[in-house]
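Here's the structure, in structure tokens; my notes come after.
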Amino acid sequence: MSLLNQWFSYRQGGCSASAISRMVRTYKGIIRSMAQRHGYSDPCTMPESKIQEIYQAEYWNPAGCGQWRSAQMQLVCFDTAVNFGVGGWQMFSAQGSLRDGHCYRALPRDEREAARVIVQWRLEFRDFRVSEAPDQRVFLKGWQNRDNDLLRKVGG
């Protein structure tokens, strides 16, 4: 999981807080309430070792990222679980499911292709999210940059 931590830490960035953000104060994708569950009042004060522990315990393991054979699918699983929550990962990885009023086709059997498909679905979801919550448009370009970088990383 070390390489995934490096990728995610690079993509997620540092401490942030925004009056518009519904996630309030975050650090490397970890919100304040998650930090508090792990003994820190402010996520921005957590050491790297605690961040990695949280990634493993709260995202990687519950999302089942280690069950995938390909590094591409593991990366997409991990990044999606942190960015959308484990429930978001489950939503995106559910094959042939109905989401946001759309029935998506089943994931391809090839994991590398499935990883690309999930990232494409993430991009589509970002547009849907902004259409439902226009105040979130301020984050759209950053979300798209993140997803497009991930798509390039998995070979899209």
(Q) If I compare all heavy atoms of G64 with all of C77, which pair ends up nearest, and what's the gap? (A) C-SG, 4.3 Å

Q: Tell me, please, which residues at least two apart from P47 pass side-chain contact (heavy atoms from CB on, under 4.5 Å).
A: Y40, S49, K50

Q: Specify the closest pair of heavy atoms between P108 and A114, including all atoms of both residues, with the distance to one decimal.
A: O-CB, 3.6 Å

Q: Look only at the side chain of T45 and the backbone of D42, and say whether a donor-acceptor pair between them is shorter than 3.5 Å.
A: yes

Q | Contacts of R122 that satisfy salt bridge (Lys or Arg N to Asp or Glu O under 4.0 Å) - sequence neighbours left out | A | D79, D147

(Q) Ring centres under 6.0 Å, that's the criterion: do F84 and F92 meet it? (A) yes

Q | Set of residues satisfying side-chain hydrogen bond (donor to acceptor under 3.5 Å, both in side chains) with respect to D110, sequence neighbours excluded | A | none

Q: Grab the two heavy atoms, one from P62 and one from Q56, that are nearest each other, plus how far apart they are.
A: CD-O, 4.0 Å

Q: State which residues pass salt bridge (Lys or Arg N to Asp or Glu O under 4.0 Å) with R109; sequence neighbours excluded, sorted by chain then number.
A: none

(Q) Is the shortest side-chain heavy-atom distance between Q120 and L123 below 4.5 Å? (A) yes

Q: Please list, chain by chain and in numerical order, all residues satisfying salt bridge (Lys or Arg N to Asp or Glu O under 4.0 Å) with D127, sequence neighbours excluded.
A: none

Q) Do the side chain of T26 and the main chain of G29 share a donor and acceptor less than 3.5 angstrom apart? A) no

Q) What is the minimum heavy-atom distance between Q36 and S41, and which atoms define it? A) NE2-O, 3.9 Å

Q | Inter-residue atom distance I118.CD1 - W89.CH2, 0.5 Å rounding | A | 4.0 Å

Q) Atom OH in Y55, atom CD1 in I30: separation rounded to 0.5 Å? A) 5.0 Å

Q.
Could you tell me if the side chain of R129 sits less than 4.5 Å from the side chain of E132, heavy atoms only?
A. no

Q | pair W68-V76: side-chain heavy atoms closer than 4.5 Å | A | no

Q. Can Y59 and F78 be said to form a ring pair (Phe, Tyr, Trp, His ring centres under 6.0 Å), step by step?
A. CA-CA 7 Å; Y59 302 105; F78 178 61; 7.2 Å; no

(Q) Rounded at 0.5 Å granularity, tell me how far CE in M34 sits from CE in M46. (A) 9.0 Å

Q.
Would you compute the distance between atom CZ of R112 and atom CZ of R69 and round it to the nearest 0.5 angstrom?
A. 9.5 Å

Q) So how far is it from R32 CZ to C44 SG, rounded to the nearest 0.5 Å? A) 8.0 Å

Q: Verify, without hydrogens or angle tests, whether Q72 (side chain) and A115 (backbone) share a donor-acceptor contact under 3.5 angstrom.
A: no

Q | Carboxylate-amine/guanidinium contact R146 D149, below 4.0 Å | A | no

(Q) Rounded at 0.5 Å granularity, tell me how far CZ in F128 sits from CH2 in W121. (A) 15.5 Å

Q. Which residues satisfy the salt bridge (Lys or Arg N to Asp or Glu O under 4.0 Å) test with R37, sequence neighbours excluded?
A. E58

**Q.** Flag side-chain contact, heavy atom, 4.5 Å: F139 against R126
**A.** no

